[in-house]
Amino acid sequence: METEKDTVYVSTGELAKRLAVSVRTIRYYDQIGLVQPAKKEAGGKRYYSDAEILDLEKILLLKSLDLSLEDSRKVLSEQSLSAVLTAHKALLAEEMERLQLSMDHTQSLLNVLDLEGALHWEDLIELVAKSKKDKDWNRYFSEAQQGQLKQALPKLESADVSTKKWINLIKRIELCLASGVSPESVEAQLIVEDMDFLSAETFGNDLQLADDFWEVRKSAEASEQLGLYPIDSAVIEFLEKAAKK
């Protein structure tokens, strides 16, 4: 049995070095009664035994899991570790969802910047507002079609290859418009062919779904209601003319 004489004590400074934390942190945990030293000397020096060192190591481990100090206190006092960690997991899930939404908004803005070459505060405000709106897809598509579209449609908030292909297609059409290239030109016909390839990748053999979705995209009102990135009417007109050749 270990006696007081056999107990090895470590000063605050030595403990800070051993655990790679600041002296201030250790003193703060002492101040709030989380991990207090085994003994204190008259001059103010504090010493920790193996028991307190272990408690401090537990606290640092729980801190690495983003557990609050109050929840860490509960764990140390053996108050339902399972319940505390379950509640903490739920909080982390909420935080991950919030971060994912921020990532989606950021990627959407990067894609808009790629498409338009410029970005304004109005774009950011509108994008966030649209993401919070309820979208009535039932008005335009059946439940089965909605399931297909959810899986297949390129997403503005995505950085995948499919989304990039559609962005580049629109940019090519905009370059044609800026250069005065005719919808009847060879270049325009190649764009239409590439759009057909992309449509096949997106909709497969479901030509009806492809046609229904194109009708929605031609409508600024419908696109707005569904929160879809607006396609300039000049781009749509160019494609319509080119496709009829």
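Sequential numbering from 1 along the given sequence is applied to the chain's residues.
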Requested in this report: For T163 and A159, indicate whether the former's side chain and the latter's backbone hold a donor-acceptor pair under 3.5 Å.
Outcome: no
E174 bridged to K171 by N-O distance under 4.0 Å
no
| query | When you look at CD of E143, are more than 12 heavy atoms from neighbouring residues, nucleotides or ligands closer to it than 6.0 Å? | reply | no
Under 6.0 Å between ring centres: does that hold for F203 and F213? yes
Would you kindly say whether D196 and S199 are connected by a side-chain donor-acceptor distance under 3.5 Å?
no
Q | Pair S182-E184, side-chain donor/acceptor within less than 3.5 Å | A | yes
(message) With side chain to side chain donor-acceptor pair (under 3.5 Å) as the criterion, how do Y47 and E52 come out once you've worked through the C-alpha distance, each side chain's angles and the decisive distance to 0.1 Å?
(response) CA-CA 9 Å; Y47 293 90; E52 292 79 49; over 6 Å; no
With sequence neighbours left out, the residues meeting side chain to side chain contact (heavy atoms under 4.5 Å, CB included) with R24 are S22
| query | Can you check whether P183's main-chain N or O pairs, donor with acceptor, with Q189's side chain at less than 3.5 Å? | reply | yes
Could you go step by step and tell me if D194 and F197 meet the side chain to side chain contact (heavy atoms under 4.5 Å, CB included) rule? CA-CA 5 Å; D194 285 344; F197 291 148; 3.9 Å; yes
Under 4.5 Å between side-chain heavy atoms, hopping through other hydrophobics if needed: is there a path connecting I236 to F238? yes
**Item:** Check: S223 side chain, S219 main-chain N or O, donor-acceptor pair, under 3.5 Å
**Value:** yes
**Message:** If only side-chain N and O atoms count, and only distance matters, is there a donor-acceptor pair under 3.5 Å linking Q145 with D206?
**Reply:** no
- Item | Salt-bridge contact D104-K155 (side-chain N to carboxylate O under 4.0 Å) | no
| message | If you count heavy atoms of other groups shown closer than 6.0 angstrom to CG of N205, is the number above 12? | response | no
Check the pair E237 / K241 against salt bridge (Lys or Arg N to Asp or Glu O under 4.0 Å), numbers first and verdict last.
CA-CA 6 Å; E237 185 179 352; K241 288 181 179 179; 3.1 Å; yes
When every non-hydrogen atom of A243 is compared with those of V192, the smallest separation belongs to N-CG2, 3.9 Å
**Prompt:** Would you say the side-chain atoms of E14 pair up with the backbone N or O of S11, donor to acceptor, closer than 3.5 Å?
**Reply:** yes
**Message:** Side chains of S158 and D160 only: does a donor on one sit below 3.5 Å from an acceptor on the other?
**Reply:** yes
(Q) Contact between I173 and L177 at the side-chain level, heavy atoms closer than 4.5 Å - yes or no? (A) yes
Taking it one step at a time, do D30 and V35 satisfy side chain to side chain contact (heavy atoms under 4.5 Å, CB included)? CA-CA 5 Å; D30 175 16; V35 180; over 6 Å; no
Worksheet entry | Stepwise side chain to side chain contact (heavy atoms under 4.5 Å, CB included) check, T12 with Y48 | CA-CA 7 Å; T12 303; Y48 294 81; 3.7 Å; yes
**Report entry** Short N-O contact, K165 and E201, less than 4.0 angstrom
**Finding:** yes
Taken to the nearest 0.5 Å, the spacing of I26 CD1 from Q36 CD works out to 14.0 Å
*same_hphob_cluster(V235, I167) at 4.5 Å side-chain heavy-atom cutoff*: no
#### Entry: Polar side-chain atom of R73 near backbone of S68 as donor-acceptor pair, under 3.5 Å
no
Heavy atoms of T202 and P154 approach each other most closely as CG2-CD, 4.3 Å
Contacts of W166 meeting ring-ring contact (aromatic ring centres under 6.0 Å, His included) (sequence neighbours excluded), chain-then-number -> none
- Derivation and outcome, side chain to side chain donor-acceptor pair (under 3.5 Å), residues Q225 and W137: CA-CA 9 Å; Q225 288 173 351; W137 286 77; over 6 Å; no
L226 and F141: side chain to side chain contact (heavy atoms under 4.5 Å, CB included), yes or no, with the steps? CA-CA 11 Å; L226 298 182; F141 303 102; 4.1 Å; yes
